[in-house]
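Please read the structure below before turning to the comments.
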Amino acid sequence: MTRQELPKAYDFKSTEPRIYAMWEAGGFFKPWNDPNKADFDPNVEPFVICIPPPNVTGELHIGHPMFISIEDLMVRYHRMKGYSTLWVPGTDHAGIATQLMVERDLLKNEEVTREELGREEFVKRTWEWKRKYGSIITNQIRRLGASCDWSRERFTLDPGLSRAVREAFVRLYKKGLIYRGPRLINWSPGLKTAVSDLEVEYSEEAANLYYFKYMLAPAGGGSLDPNSYIPVATIRPETILGDTAVAVHPDDERYKKYIGKSVIVPMLNREIPVIADEYVSMEFGTGALKITPGHDPNDYAIAQRHNLPIISMLDAEAKVNENGGPYKGQDRFEARKNLWSDMKKAGLVIKSEPYRTTIPRSQRGGEIVEPMISTQWFVKIEPLAKAALEAVKDGRIKIVPERFEKTYFNWLENIKDWCISRQLWWGHRIPVWYCPDHHMTVGREDPTECATCGSKDIRQDEDVLDTWFSSGLWPFSTLGWPDETPDYKYFYPTTYMETGYDILFFWVARMIMMGLEFTGHVPFRIVYLHGLVRDEIGRKISKTTGNVIDPLVLMDEFGTDALRFTMLVGSTPGNDTNIGSKRVESNRNFANKLWNAGRFVINAISSLTPPSAPLSQAGRGDGGEGSYTLADSWIWARLQQLVRDVERLFQTFQYGQAGQQIYDFIWADFADWYVEIAKQELAEGGPRAARAADTLARVFDISLRLLHPFTPFVTEEIWGHLRSALRESSLKDIAIDWPDALIVAAWPEERQLEGWEADALQNFGKIQDLVRSIRNARAEKNVKPSKKLGAVFVDENHAPLYRNYLPMISTLSSTDLEQTFVYETEYQPSDAVTSLVAGSTDIYLSGIESSEEDKVRLEKELTEVRSHIERLEKLLAGDFANRAPVALVQKEREKLEGYRNTAEKIEAQLK
RNA sequence: GGCUUCUUAGCUCAGUUGGUUAGAGCAUUCGGUUUACAUCCGAAGGGUCGUGGGUUCGAGUCCCUCAGAAGCCACCA
């Protein structure tokens, strides 16, 4: 393609799909060292990430671009560094979420419930749904540019992964770490399933605290004494139906006399004991606590201590069951209302008052979760947690940012057993079979008879496993475990785990526990946690707030690269990020800037005539024909500096900073300074043009490599054009060993700056000061751009100093300073009226009038300079001179000297 | 109740072994259609780095106090 064909604006819409298809077809997403192939080298170090699997029925939301951008950056960086890189993609069956979605869909389209459909048919339909919609999310992830190896895509319900789940369950069971039994669990009445502690969210809400009387049961069958009662307060009056005791503090003088006696449950007229337990707070409420062991965790604990009976008074839908007497069949809230009004009629009510309390709600449906006694499967978690704790404590796993290690420890140290059974149909069915005699058969293969009694009449457990049980195996189940596959042997343990801090407990901790338990290895070395994406003003993104940001819309409007760059830059690990379209837009502009810089470079290369003399390597310029200018040396040195900085920042996971620095380099240094200077050189033609084009090409190439992990599409596209242009030009040697695509091009190597590079940085800095001063003066003086100014450099005695700047200027180039920024350099004392002081630079401009404003400005400047002098004098007189590093002290001394000179000059001018 | 994070320019945020005059994007003002880019270029204004202390030659950065915001975990009915 020639340069004329490159459009003025970067067309991401047509470019992105084409580039992605090229990468995929080229096999660049696959590890180059494949353990399944003959030429495999086991000594090559792999770099492996497993994707946090999105829900198979999900669609792209703003959280996806965040983790895809970071992970793709990590993967692309390591791929370019030469690692055999594997990013395993896949999706999660997401039990509850998917089942709900399919149920809703069935109800809407066919007006049929899952119960009406039956389990087998429902699961069949869900698979159909998965086949139909499961590729939406993976295609959207492709659109984000994710360089995953799609040939290794996995789904948590795949046969292989299901086998892993079965293996894991059986091992834990045989080890005695899985048990089944009735326990108080969190029950979601709408979903009609148990959920784990983690799936319950607590929110502070307005409620009522109801005060009522527990009448004392008359001894020996006498009649009730209306003055003998224990006042009790509760938020959930309906639980009265399940009360089995009233507890008071043993030292409570008010109620001591009742301990051991009985009280009467309102409306049910059951007698229950009054017990003493130190758990009860004398200060709170009435100081007496009703005990509902069947529906409250604390009451349950007290009941266990006192051997109290446990009554369940709610059914699976949270309606009152047969234990609720007259309230049977009523919904829990209905029963609450009715019970209260009945008690009012019976004269048992004291009062009710508004009260704020924390309400447990289901993470999924949002409904109020009910603690209930239910027979469920649990993982005895302590031994696993202990190992997982150790792995982070001894550094086998490092969490970034480090502060989350504390959170992790805290959670694992206080962990409770994990309820893993769910009363759902979509998921891994629990691999346990029961015979009529209730013997359990647990096996890797589906059994045909009871292992204990041989009965052929066996039935599999109805429940499925918590989704997170299978996700916990993800880093190794995706690689073939429990089989010792080549992939598993080579790629496991994986390298990084990158995900949001919100699933540290749900997922990361469980992967660590299960990884250690089943494979004997940590599943990954580094856990990198990113923050949550919020809206422009920091609010949580939710449908109810109406602030949903659709990444697809942003990508349509500004391109994938712009969105990715926005995600990566300006965010720090573990901290939430606010995203608005403004930032994405400005990054779209950056992509376009890059594109146009590319067009300029390609143009420069293509219009080059062969040079008369060969070029030397980039290096210090001596001003001669075939060598490099100060500007060439400077941009090259700046680039080396950038490579070093980026490397350091990548090593310390500061991707945002790295991106920012690359951005600044490309826009401010390369485009705004170097390209402008190069224009002059290119216009000269001959060796100068060749030299400039050579620098443009080399610097731009390395810039693209550095930027590629951030904005893969646009960099790949331009780089391809650059390579073609170079290969057709007299500079073809530059691109001689470039590979077929930027995605597999070598990462720039960092090195120490050489002496000439440090000099170039310093000298060019002086030029920049100079030029900025001139621009500044022009702007302040409102000098028309067409008007040429004379510039003269003088010392304090107005002796021309131009000569002193000559070497610098001539190595910058013979043309750029004079032609681009200043037009004449003759000394014309009569015109030389404005002094510009910029650091150590003193120049006079001719052709503009001096004014009162100049005087004011100079005075202001003098005040500033004097304050610096004062500060530095004080500093150098103090302990600083003795204690601070010598180089630093020296630097400050030079600075002071500079300020003193400047002050003198300004003073002279003001006279 | 325990733990954590945040508070820097009008807005959104960077600022990682403590070391020049604290930066960016957006917004604002002024000036520019110089043939890579108006999705651009040049310039300017704008900050007691939440408060008060401490450590240090030196603090936006480290320690403590307080105030405000957010989050996680555990929760007294």
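Each chain gets a letter, A, B and so on, in the order its sequence line appears, and its residues count up from 1.
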Minimum-distance nucleotide to [X] side chain [options: [options]]:
X: A:Gln657; options: B:rA36, B:rC6, B:rG15; result: B:rG15
X: A:Lys416; options: B:rA77, B:rC37, B:rC75; result: B:rC75
X: A:Tyr501; options: B:rG71, B:rA36, B:rA77; result: B:rG71
X: A:Arg583; options: B:rA24, B:rU12, B:rU39; result: B:rU12
X: A:Gln654; options: B:rU16, B:rA36, B:rG71; result: B:rU16
X: A:Asn575; options: B:rA14, B:rC75, B:rA77; result: B:rA14
X: A:Tyr663; options: B:rC40, B:rG25, B:rC72; result: B:rG25

Base, sugar-phosphate alone, or nothing: which one does [X] contact when heavy atoms must sit under 4.0 Å apart?
X: A:Val232; answer: nothing
X: A:Ala671; answer: base
X: A:Val569; answer: nothing
X: A:Thr572; answer: sugar-phosphate
X: A:Thr234; answer: sugar-phosphate
X: A:Thr357; answer: sugar-phosphate
X: A:Tyr355; answer: sugar-phosphate
X: A:Leu289; answer: base
X: A:Asp299; answer: nothing

Between [Y] and [X], do the side chains contain a donor N or O and an acceptor N or O under 3.5 Å apart?
X: A:Tyr501; Y: A:Asp576; value: yes
X: A:Tyr10; Y: A:Asn596; value: no
X: A:Lys290; Y: A:Thr292; value: yes
X: A:Asp277; Y: A:His249; value: no
X: A:Tyr210; Y: A:Glu353; value: no

Taking OP1 and OP2 of [N], is either one under 4.0 Å from a side-chain nitrogen or oxygen of [X]?
X: A:Lys679; N: B:rU34; answer: no
X: A:Trp667; N: B:rC41; answer: yes
X: A:Lys406; N: B:rU4; answer: yes

Quick one: [X] [atom1] to [N] [atom2], roughly how many Å, whole number?
X: A:Gln661; N: B:rG15; atom1: CD; atom2: C1'; value: 11 Å
X: A:Arg403; N: B:rU4; atom1: CZ; atom2: P; value: 11 Å
X: A:Glu204; N: B:rG71; atom1: CD; atom2: C1'; value: 15 Å
X: A:Asn589; N: B:rA27; atom1: CG; atom2: P; value: 10 Å
X: A:Phe505; N: B:rC72; atom1: CZ; atom2: P; value: 10 Å
X: A:Lys582; N: B:rC11; atom1: NZ; atom2: C1'; value: 10 Å
X: A:Tyr279; N: B:rA74; atom1: OH; atom2: C1'; value: 11 Å
X: A:Ile272; N: B:rA77; atom1: CD1; atom2: P; value: 19 Å

Interatomic distance at [atom1], [N] relative to [M], whole Å:
N: B:rA59; M: B:rG68; atom1: P; result: 28 Å
N: B:rG18; M: B:rA77; atom1: P; result: 45 Å
N: B:rU48; M: B:rA67; atom1: P; result: 24 Å
N: B:rU55; M: B:rC62; atom1: C1'; result: 8 Å
N: B:rU7; M: B:rG52; atom1: C1'; result: 16 Å
N: B:rA9; M: B:rG45; atom1: C1'; result: 11 Å
N: B:rG71; M: B:rG10; atom1: C1'; result: 28 Å
N: B:rU34; M: B:rU39; atom1: P; result: 14 Å

Criterion salt bridge (Lys or Arg N to Asp or Glu O under 4.0 Å) on A:Glu205 and A:Arg361, from CA distance to verdict: CA-CA 11 Å; A:Glu205 296 174 23; A:Arg361 287 185 180 276; 2.7 Å; yes
pair A:Thr577-A:Met567: side-chain heavy atoms closer than 4.5 Å: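 No. Closest side-chain heavy atoms not under 4.5 Å.
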Any strand counts, and the cut-off is 3.5 Å on both contacts for Watson-Crick or G-U wobble. Which nucleotide pairs with [N]?
N: B:rG47; value: none
N: B:rC11; value: B:rG25
N: B:rG52; value: B:rC64
N: B:rC40; value: B:rG32
N: B:rA74; value: none
N: B:rU16; value: none

Would the number of heavy atoms belonging to other residues, nucleotides or ligands and lying under 6.0 Å from CD of A:Gln762 be above 12? no
Residue whose nearest RNA chain B nucleotide is more 5′ - A:Ser281 or A:Trp595: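 Closer to the 5' end of RNA chain B: A:Trp595.
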Select from A:Thr286 and A:Asn414 the residue whose nearest nucleotide in RNA chain B is closer to the 5' end of that strand.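 The residue mapped nearer the 5' terminus is A:Asn414.
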Show, in sequence, the C-alpha distance, side-chain angles and deciding distance for A:Arg332 and A:Glu370, and conclude whether the salt bridge (Lys or Arg N to Asp or Glu O under 4.0 Å) test is met. CA-CA 10 Å; A:Arg332 50 184 161 161; A:Glu370 209 61 49; 2.5 Å; yes
Do the side chain of A:Ser586 and the base of B:rC26 come within less than 3.5 angstrom through a donor-acceptor pair of N or O atoms? no
Checking only heavy atoms, does the side chain of A:Lys593 share a donor-acceptor pair with the base of B:rC37 at less than 3.5 Å? yes
